[in-house]
Structures are given as structure tokens and as C-alpha cells.
Amino acid sequence: MDQSPYNPLEIEVRVQARWDSQKTYEVTEDTDKEKFYCLSMLPYPSGALHMGHVRNYTIGDVISRYQRMLGKNVLQPMGWDAFGLPAENAAIKHNTAPAKWTYANIEHMRKQLQRLGFAYDWSREFATCSPDYYRWEQLMFTRLMDKGLAYRKDSEVNWDPVDQTVLANEQVIDGRGWRSGAVVERRNIPQWFLRITDYADELLSGLDDLDEWPEAVKTMQRNWIGRSEGAQFGMQVCDANGRIAEGASSVEVFTTRPDTAFGMTYAVLAPEHPLVMEVTSEAQRQQVEEFIRTAGLASEADRTSAEGTLDKRGVNTGAFLYNPFTSKPVPLYIADYVLMGYGTGAIMAVPGQDQRDWDFAMAHDLPIVRTVKVPDGWEGEAYVEDGVAINSDWLDGLGVAEAKEKAMAWLESEGIGERKVNFRLRDWGVSRQRYWGCPIPVIYCPDCGALPVPEDQLPVVLPEDVTFMGVQSPIKADPEWRKTTCPKCGVDAERETDTFDTFMESSWYFARYCSPGADAMVDERANYWLPVDQYIGGIEHAILHLMYFRFYHKLMRDAGMLKADEPATRLLCQGMVVAETFRRDNADGSTSWLNPADVEIRRDEKGKIIGAKLLSDGLPVEIGAIEKMSKSKNNGVDPVHLVERYGADTVRLFSMFASPPDQSLEWSDSGVEGAFRFLRRLWFMSTGHIAAGAVEALDVSSLDAEQKTLRRHVHDTIAKVSDDIGRRQTFNTAIAAVMELTNHLGRYEDRSPQSRAVLDEAWKAIVRLMAPITPHVCETLWEMLGETGSVVNTAWPGVDEAARERDMITLVIQVNGKLRARVELAPGSDKENAMIAAMAEPNVTRHTDGKTIRKVIHIADKLLNIVAT
RNA sequence: GCCCAAGUGGUGGAAUUGGUAGACACGCUAUCUUGAGGGGGUAGUGACGGAAGUCGUGCCGGUUCGAGUCCGGCCUUGGGCACCA
């Protein structure tokens with residue numbers, strides 16, 4: 001048999017056509033098999049696949065293919081997060097409709113994904129902009145309205161006064177509208193919210209059970225939820241002498257440090273606090289009104305001092321509050337360092353124990369009382385650490401924890417206050433004043449108010465064939481679209497013209513994949529597949545998407561649709577794809593960023609990079625920082641070009657080999673070349689073995705030492721690769737282990753019948769070990785090795801533990817912790833025998849002669865350390 | 001400012017439980033092969049040193065027979081939060 005050259009393009013097209021025609025990756029529920037649901041975050045159809053996608057989806061594909069070879073029923077779906085602002089921008093730019101642009105992108109990107117050979121069940125594919133998808137989201141929302149979990153309240157938006165439209169945060173550039181250039185205003189308009197705060201406690205405690213989620217993600221979510229325990233209590237308005245008038249108002253404050261209440265020297269209301277104007281004295285009225293007008297206007301950057309703290313601006317209201325702990329009045333201020341959106345919008349200020357209060361007290365000449373004893377030599381300002389209570393009457397002498405407890409118990413027994421838990425987490429605002437999104441299914445009746453669209457009128461379909469002017473949403477501009485009648489009383493009514501935040505669609509797509517075609521949001525099939533066994537996506541989604549995803553799953557669970565408590569058991573967040581940048585600073589002060597493909601690197605004779613030049617003009621360019629691939633830095637590498645040149649297997653191999661999945665991956669053209677070289681070598685070596693003809697049966701008992709060593713290496717490699725892919729998810733070291741074994745095979749020259757039998761075992765192992773990573777070439781080699789059936793459906797190679805046993809082990813000999821010799825010993829040798837072998841080594845005795853051996857540490861079959869002085 | 005990662009050859013990275021630092025790959029050097037280009041083979045490649053050897057995982061200190069790994073302090077880079085009482 002002749003050896004043909006490695007021709008990846010020919011191989012890949014042929015193999016993919018077969019997978020396609022045999023529907024290899026389509027799956028159904030099968031209770032006889034263990035299921036495995038592997039999900040990669042669905043892409044936004046921006047137009048073309050980038051390296052970040054390739055990396056994300058290759059990781060998911062490797063895990064899926066590995067799990068399938070373990071015999072599991074593996075679901076790996078793919079779809080499109082199709083709503084969103086970029087489609088509106090593109091529609092304006094290209095004078096088309098957002099829907100048309102989006103569908104064209106999906107067509108294009110689907111082909112690109114298919115060219116990479118990912119094992120997706122395409123029969124489950126959907127785009128989130130399809131009415132068949134979003135109708136269930138609308139139905140769910142109406143149910144949430146019924147349950148009171150969706151509600152409407154006023155909220156601030158960015159308003160462009162020229163374009164007469166709401167702007168997303170990213171459309172506001174330096175305080176101005178991105179198109180009109182007009183100064184953006186803040187406006188309060190009614191918007192819909194989901195009560196995620198009702199689930200704050202469960203979202204927090206649930207993190208403790210997510211053992212296979214990265215700590216970094218869990219920490220970020222914990223901080224975002226921001227649970228804090230403390231006390232809330234009322235303080236009555238009083239006069240300067242502490243006298244409380246009949247029917248005086250009371251101000252509720254929240255504190256995590258009730259133990260410090262004796263050190264309260266003033267109190268503060270947020271500028272938006274409803275009691276501000278009521279309590280403000282006549283004398284202070286003008287100042288307070290002036291402050292409220294200007295509060296929050298100055299940008300944060302302008303108000304930040306060199307030390308990084310914000311100015312503590314505020315003004316005295318002239319009113320006093322009665323401190324129930326001391327029975328004395330404290331002056332009441334308003335200040336913008338107190339936020340209306342957290343706690344009660346009012347605080348007791350204790351400058352001795354809170355740095356913000358300290359800063360404010362210093363700026364406004366307010367007294368400072370320490371209520372926790374500071375350590376000797378303390379030179380700081382506010383003291384927030386643990387310590388003994390002082391100046392606190394009946395709390396004196398207690399530690400912070402005990403004092404807190406006693407203060408809270410006192411507040412409760414006196415009926416002044418109660419224990420209270422507050423969260424930083426806010427309810428999820430889901431209204432967007434955009435066109436290209438799922439219409440919010442609500443009808444406003446002049447008599448009945450806001451009503452959910454009845455189920456039989458769903459879906460509320462977003463018209464797709466629109467002329468998109470960019471100034472305003474077509475459904476807001478169209479007076480006809482919104483016209484409807486009240487489902488309750490039948491009078492003329494109007495539809496909501498806002499659409500949902502696109503995070504809504506990505507919060508439940510994982511469940512819809514499990515119930516294709518269901519005449520409901522999901523059906524029973526979802527409980528077969530869920531929870532997701534492995535979820536893969538970018539760390540940039542650590543907070544928002546992954547929080548909403550968990551929240552929405554709980555909403556679906558509580559609606560009786562799903563059984564599990566959490567949507568995904570294991571999470572892997574892949575790192576960024578980065579590349580070198582090249583720049584030229586132009587004479588006019590601007591910078592040109594040059595693509596790596598157009599630049600040649602220059603090195604010295606040790607291979608160290610000493611410069612770079614542009615290929616087109618031969619003149620030098622500056623080497624910039626290594627940064628995330630982006631259009632702005634022109635350092636992107638197009639995966640499609642690489643696939644055309646080297647094949648999908650090479651691109652997949654390099655992206656898995658260059659670094660572990662959770663670290664950033666530095667792109668390198670020569671690294672891609674190296675991956676290609678490895679596959680070509682694999683091809684030539686294994687087809688060479690095949691060309692040498694049939695192989696006789698392996699007889700393990702007849703192997704000589706070298707054959708045994710080779711076979712041991714094969715089974716050590718199988719064990720390592722299994723562990724690296726399955727448990728550690730360090731695909732780079734798995735590949736390195738296969739490369740090492742391949743190098744061993746290359747050096748192995750004996751072609752006796754039993755050697756060829758061992759080599760045959762080795763090649764069949766390698767082809768299966770590499771199959772999840774480079775499936776096309778492995779599929780082809782598997783056939784050529786004379787195996788029937790697709791490697792996709794073949795069992796993962798098993799480890800023969802007997803083959804891994806060693807006749808001799810290498811024991812490392814140290815003297816005083818320094819390596820001095822290595823000796824070959826039978827495994828299981830005891831300390832005495834190890835010592836005899838060690839003392840026979842001249843390099844050891846040279847370092848022990850004339851010294852007393854104080855101690856010998858022996859780690860069986862590993863190491864002997866002789867301590868001699 | 002607070003919280004979380006990370007820092008190892010010329011480069012990407014390996015060292016999984018405290019036990020041989022630098023696997024694997026890139027790059028580079030020499031050499032062979034080829035008409036050339038390309039590709040491939042072989043050998044070498046942490047630093048210093050002729051060698052024996054010594055030093056070496058951001059810096060300073062500690063624990064230990066033994067530290068890249070653990071502890072304390074600091075520096076740098078990346079990420080998150082950012083007046084949340």
C-alpha cells in the first residue's frame with residue numbers, strides 16, 4: 001500500500017459529509033444510557049466567527065466527544081442569541097432590516113461552525129428572534145406578572161433630546177448621544193422589573209453547592225449579591241435639646257454596626273429621601289434646595305481626589321434626630337454619599353468607625369467619638385477592625401461581635417428596631433426602549449391599567465419587514481402596531497412598545513434545546529437532560545448572564561417546569577484569545593495598527609525578538625503590548641483563513657494545545673505551523689505502520705524489556721490523557737503526553753512481529769485519544785487501521801494496569817536536599833536497601849565522607865534524602 | 001480604596017498530594033538530505049564555568065531533611081467591584 005500525503009481539506013470534507021448524512025450527532029432521550037449535556041454559550045450572530053468562538057466551541061466539542069466515547073448519551077446543541085443592538089446599528093449602516101441582516105449572518109456563521117466539525121445536534125438549532133421561541137418567554141412573563149414577580153416602576157434612562165430616543169449606556173459617549181452628539185439627559189420612565197431580589201438568599205446559598213464552578217465566578221456573584229446583616233431602627237425628629245414634638249416623624253436607618261451607635265455624631269439622608277423637605281428648617285431651606293439641584297451632576301471623575309476617595313459633599317438640614325442609645329440629639333445632614341437605592345436611604349454616621357463618615361466629619365467640622373479602642377501606635381483614621389468597646393455605656397468592654405448582638409437585642413426588646421438583612425443586588429430591569437427584541441406582552445387600558453396579554457393572543461409578534469431609520473423603534477413610530485383592545489373590558493387600549501433585555505432570551509435557551517418543538521416552554525424531556533453537565537463560556541459573563549441564568553432556572557422550577565435547583569453542575573470559563581500588536585506612530589500624532597499577517601519579526605541568534613518590520617515597505621514597526629484580539633488594535637486572526645490553509649484539525653489542535661483553557665491563549669503563527677507538523681507526522685508514521693501490512697496478535701507474556709517499556713508508555717499515556725481531559729480539563733498537557741508517546745514511537749526501530757503488535761496497540765490508542773481534539777484525521781486513520789465503524793462511536797481506550805507495572809524504579813538520592821544520584825531499584829525496596837544502593841554511588845559518598853549521618857528520609861520508590869553534617 | 005487571580009528559559013507553557021525545576025511545543029544554532037524554494041532527519045539549546053561544580057521559579061524574610069508549591073510582608077500585571085452604611 002502506498003502512503004498518501006496528509007491532505008486535511010480532502011479528509012475533512014469527506015468525513016463531515018458522512019457525519020451529516022448519517023445524522024451522527026442527533027440524539028434522543030435514552031434512559032438506558034447515562035446522559036451528558038454539554039453546552040457552550042450561544043453566539044451573537046455578529047457576522048463572522050472569531051477566534052474566541054473557535055476556542056470556546058472547540059473546548060465544548062472535545063468534552064462532548066470524550067464523554068460520548070465513555071458511552072454516554074451526549075447532547076451538544078447550538079443556536080443563536082439573535083436579538084440585540086448591533087443589528088439595529090448594522091441596519092442603519094447597510095440600509096437593511098435588522099431581521100434580514102441577522103438571518104444572513106446566521107446562515108454564514110452556521111457554515112463556518114460546520115466547517116470546524118463540531119459535533120452539534122443541528123436538528124435542535126433555533127434563533128432566539130423566532131416567534132416560536134420568544135412566545136414562551138412572553139407567556140412566562142405574563143405568569144410572572146400574575147405572581148407579582150414582574151412589576152412596573154419608574155426608572156432612569158439616558159434620553160437623547162435630539163433623536164427623541166432612549167440610549168443604551170454604550171451609546172452614550174462622553175455624556176453625548178453617539179449619533180446626534182446632543183448632551184444626554186436623565187429621564188424617569190416606567191419600566192418592567194423582575195423580582196430577582198426575592199431569590200437573593202437562594203442565589204447566594206446555592207453557590208456553596210456549585211463545587212465545580214470556578215471560585216472566581218462564585219466570588220464575583222457573592223460580591224454582586226452583597227448580603228449584609230445588621231439592624232434597622234427608627235430615630236425620631238427632635239429639637240436641638242432633644243425634645244420630641246407630638247407626632248414627630250421618624251427616620252429609619254440601617255447599620256451593620258449597631259455596636260457603634262454611642263459614637264453617632266450626626267445622621268444623613270440621601271438627597272432623594274422623601275422626608276428631606278419635611279424636616280429641613282426654614283433657615284436651611286435654600287441651601288438644601290440648591291444642594292439637591294446640583295447633587296449628582298458633577299461627574300464622579302471630577303469629584304475624585306488624588307487618593308481615590310470621592311468628595312464628601314453635603315449640607316445641614318437644620319433638623320436633629322434623637323439617638324435612642326444616648327438619649328441625645330444629633331444633627332441631620334443630607335449628602336450624596338448616602339444612596340437612596342440601598343437600605344433605607346438614611347444612615348447613622350459614626351466617623352470613629354467608618355472612613356466615609358470620618359471624611360465627611362472632617363470636611364464639615366463634626367465631632368468624632370471612638371467607640372472601639374484602637375491598638376497602641378494606631379495612626380489611621382476610622383478604625384474598622386475588631387476591638388474592645390469604649391465610650392459606649394452598657395456596651396463597654398465587649399468585643400465587636402458581642403456588642404453587636406447586645407445592641408440588636410436591646411433594639412428589639414425596646415421595640416425601636418429589628419435585625420435586618422440587606423442586599424446590594426437590585427431587581428432586574430428588563431425593559432429596553434429598542435426595536436430588535438422580544439415585545440413585552442402587556443396591554444395598557446385607560447380603565448384597567450397594565451394587563452398581561454392573554455395566552456390565546458400570544459405571541460405578540462415583532463414585525464420583521466420594517467424600514468429602520470435608527471431614530472426610533474419602528475414599533476414605537478407606527479401608530480397602528482400598538483392599537484389593540486383591553487382584554488378585560490374591551491375598550492381601545494395600547495400595547496407596550498418596549499422590548500425585553502436580550503439577557504432574557506439567553507436565560508432559558510439551555511432548557512429549550514431539550515424540548516424541540518414542544519407546545520410549551522419546555523416539556524418532560526427537559527428533565528431528562530437537565531441540569532447541564534458542562535457549561536462553557538467566557539468569564540465576561542461571570543456576573544450578569546450567569547446570575548440571570550440561575551435565577552430564571554429557579555423561576556422555571558417554581559413554575560413546575562424543571563426539577564433541578566441549579567441549571568449547570570460544572571462551569572468552565574475560557575480565557576481570552578490575545579495576540580501581539582504592531583503600531584506606527586504617524587507624524588500627525590495618530591497611530592496606525594498593523595495586522596500581524598503583514599509584519600515580519602526579526603530575532604538575534606539566540607532567537608530573542610529584537611524588532612519587527614512591515615513586509616510591504618521593509619521599514620521598522622513598533623511592537624506593542626499583547627492584547628485581546630480586536631478590530632481597534634488590528635491584531636485579529638481570521639479562523640476561516642487558517643482553516644482553509646491548514647484544516648480544521650490543526651486550528652482545533654493549536655487552540656487546545658497553546659495554553660490551559662482558563663488562561664489567556666496567545667496566538668502564534670509558528671505555533672499553528674507546529675500543530676500542523678504534528679498532525680502530518682502522526683499521519684506519516686501511522687500510515688507507514690499501516691502500509692507495512694497485517695499485524696499478528698499481541699502476546700503480552702512474550703514481550704522483551706523494550707517492548708514492555710513501550711507498552712507501559714502507551715498505557716501510562718492513556719491514563720494521563722483520560723485524567724487530563726476528564727477530571728483536570730487541561731487539554732494542553734493531554735496533547736503533550738500524546739506527543740511524547742509519538743516521539744517514543746518515532747525512536748522505536750524494532751519491527752519484529754510482537755513489536756509491530758505493540759505498535760498497533762499504540763497507534764489505535766493514539767487515534768482514539770486524539771479523536772475528541774482532531775476528529776477528522778482520527779476518523780480517517782481509524783478506518784485505515786482496519787477498524788470498522790466510526791471512531792466517534794468507539795469506546796475510549798481502557799488502561800491495562802498490568803502493563804503499567806515496573807520491574808525497576810528510579811530512586812532519587814539527595815544529600816542535604818540536593819540531587820546527587822539516581823539508582824535503579826526493584827519497586828517496594830525498603831530504606832535499608834535504598835541506603836545500600838545510595839552509598840554505592842561515589843557522587844553520594846563524596847558528599848557524606850567525613851560527616852555524620854543525622855537522619856535519612858525515605859519516600860518509597862521515589863526519593864532518599866541523607867542528612868549529613 | 002476593597003476583593004480575586006497570576007508572576008517559571010529567548011517565547012507559549014509543564015511540574016496534579018511539599019520530593020528529580022524547565023515535560024511538550026515554538027524559536028534559535030550546527031549538520032545531513034533536496035536542483036532550488038519548501039519540507040524532513042540528527043544533535044544542541046536556563047545562566048555562569050575549561051571542568052568538577054555553583055547558581056536559578058517577581059523581591060525580602062520564615063517554616064521544613066527538602067519550597068515554584070506552605071506562611072508573613074512587599075512589588076508588578078490582569079480581572080471584578082467601586083461612597084452598598
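Letters A, B, ... are given to chains in the order of the sequence lines, protein chains preceding strands, and every chain is numbered from 1. Any value given below was found using the heavy atoms of this structure, including those in side chains, with hydrogens, waters and symmetry copies removed.
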Inset, instruction - Among A:Arg846, A:His847, A:Glu841, find the one that has a side-chain hydrogen bond (donor to acceptor under 3.5 Å, both in side chains) with A:Asn843. - result: A:Arg846

Legend entry - P-based separation of B:A82 from B:C75 [nearest Å]: 25 Å

Inset, instruction - Can you tell me, in whole Å, how much space there is between the C1' of B:U17 and that of B:A67? - result: 14 Å

Inset, instruction - Would you classify A:Val338 as touching base, sugar-phosphate or nothing, given that sugar-phosphate means primed atoms plus P, OP1 and OP2, and contacts are heavy atoms under 4.0 Å? - result: base

Inset, instruction - Just compare B:C55, B:C81, B:A25 and give me whichever is closest to any side-chain atom of A:Arg424. - result: B:C81

Inset, instruction - In whole angstrom, give the distance that lies between atom CZ of A:Phe731 and atom C1' of B:A25. - result: 18 Å

Inset, instruction - For nucleotides B:G68 and B:G18, find the distance between their P atoms and express it as a whole number of Å. - result: 13 Å

Legend entry - Face-on cation placement of A:Arg570 at A:Trp213 ring, 6.0 Å and 45° thresholds: no

Inset, instruction - May I ask you to verify if any side-chain N or O of A:Arg222 is less than 4.0 angstrom from the OP1 or OP2 atom of B:C4? - result: no

Inset, instruction - Please state the C1' separation for the pair B:G22 and B:A14 - nearest whole angstrom. - result: 7 Å

Inset, instruction - With P as the reference atom in both, quote the distance from B:U69 to B:C59 in angstrom, rounded to an integer. - result: 11 Å

Inset, instruction - Rounded to whole angstrom, note down the C1' distance from B:G58 over to B:U54. - result: 22 Å

Legend entry - Trace of the side chain to side chain donor-acceptor pair (under 3.5 Å) decision for A:Arg419 with A:Gln232: CA-CA 6 Å; A:Arg419 287 160 209 271; A:Gln232 186 174 317; over 6 Å; no

Legend entry - Interatomic distance, A:Arg747 CZ vs B:G41 P [rounded to whole Å]: 13 Å

Inset, instruction - Compare side-chain N and O positions of A:Lys855 against OP1 and OP2 of B:C65 and report whether any pair is under 4.0 Å apart. - result: yes

Each nucleotide N or O in nucleotides 13-17 of chain B that has a protein N or O under 3.5 Å away: list the pair and distance.
unit_1, atom_1, unit_2, atom_2, d
B:A14, OP1, A:Asn732, ND2, 3.2
B:A15, OP1, A:Arg728, NH1, 3.4
B:A15, OP1, A:Arg728, NH2, 2.5
B:U16, O2, A:Arg727, NH2, 2.7
B:U16, N3, A:Arg728, NH1, 3.2
B:U16, O4, A:Lys720, NZ, 2.3

Legend entry - Whole angstrom value for the distance that separates C1' of B:C65 from CD1 of A:Ile857: 3 Å

Inset, instruction - Find the distance A:Leu864:CG to B:G19:C1' and express it as a whole number of Å. - result: 12 Å

Legend entry - is_close_aromatic(A:Phe657, A:Phe731), centroid dist under 6.0 Å: no

Inset, instruction - Taking Watson-Crick and G-U wobble pairs with both distances under 3.5 Å, convert RNA chain B into its dot-bracket string, 5' to 3', dots for unpaired and | for cross-strand pairs. - result: (((((((..(((......[....)))(((((((.....)))))))(((....)))..(((((..]....))))))))))))....

Inset, instruction - Report yes if at least one side-chain N or O of A:Asn865 is closer than 4.0 Å to OP1 or OP2 of B:U64; otherwise report no. - result: no

Legend entry - Nearest to side-chain heavy atoms of A:Ala736, which nucleotide of B:A23, B:U20, B:C81: B:A23

Inset, instruction - Classify the nucleic acid contact of A:Asn422 as base, sugar-phosphate or nothing, counting any heavy atom under 4.0 Å across all strands shown. - result: nothing

Inset, instruction - Rounded off to whole Å, could you give me the CZ-to-C1' distance for the A:Arg313 and B:C83 pair? - result: 13 Å

Legend entry - Euclidean distance, atom CG of residue A:Asp662 to atom P of B:G79 [Å, nearest integer]: 16 Å

Inset, instruction - Could you tell me whether A:Ile539 contacts a base, only the sugar-phosphate backbone, or nothing, with contacts defined as non-hydrogen atoms closer than 4.0 Å? - result: nothing

Legend entry - Length of the line joining A:Leu339:CG and B:A82:P, which is rounded to integer Å: 11 Å

Inset, instruction - Might you work through the salt bridge (charged side-chain N to carboxylate O under 4.0 Å, His left out) test for A:Arg747 and A:Glu749, ending with a clear yes or no? - result: CA-CA 6 Å; A:Arg747 286 189 306 269; A:Glu749 285 175 351; over 6 Å; no

Inset, instruction - State which of B:G19, B:C26, B:G80 makes the closest approach to the side chain of A:Gln814. - result: B:G19

Legend entry - Interatomic distance at C1', B:G9 relative to B:C24, whole Å: 14 Å

Inset, instruction - Would you mind telling me which of B:C3, B:G27, B:G66 lies closest to the side-chain atoms of A:Asn223? - result: B:C3

Inset, instruction - Could you tell me whether A:Arg677 contacts a base, only the sugar-phosphate backbone, or nothing, with contacts defined as non-hydrogen atoms closer than 4.0 Å? - result: sugar-phosphate

Inset, instruction - Kindly state whether the ring of A:Trp428 and the ring of A:Phe503 have centres lying under 6.0 angstrom apart. - result: no

Inset, instruction - Taking only the side-chain heavy atoms of A:Thr219 (C-beta and beyond), determine which of B:C24, B:A85, B:C4 contains the nearest atom. - result: B:C4

Inset, instruction - Output the single nucleotide from B:U20, B:G39, B:A85 whose closest atom is nearest the side chain of A:Arg680. - result: B:G39

Inset, instruction - Would you mind classifying the nucleic acid contact of A:Ser228 as base, sugar-phosphate or nothing, using non-hydrogen atoms under 4.0 angstrom? - result: sugar-phosphate

Inset, instruction - Indicate, with yes or no, if the rings of A:Phe654 and A:Tyr646 have centres closer together than 6.0 Å. - result: no

Inset, instruction - Output all residues satisfying side chain to side chain donor-acceptor pair (under 3.5 Å) with A:Ser228, sequence neighbours left out; order by chain, then residue number. - result: A:Tyr342

Legend entry - Side chain of A:Ile859 (C-beta onward), nearest among B:G19, B:C24, B:C55: B:G19

Legend entry - Sugar-phosphate, base or nothing in reach of A:Arg426, heavy atoms under 4.0 Å: base

Legend entry - Closest to side chain of A:Phe254, choosing from B:G19, B:A82, B:A85: B:A85

Inset, instruction - Look at the side chain of A:Thr344 and the backbone N and O of A:Ala346, then say whether any donor-acceptor pair between them is shorter than 3.5 Å. - result: yes

Inset, instruction - Find the distance A:Ile735:CD1 to B:C24:C1' and express it as a whole number of Å. - result: 10 Å

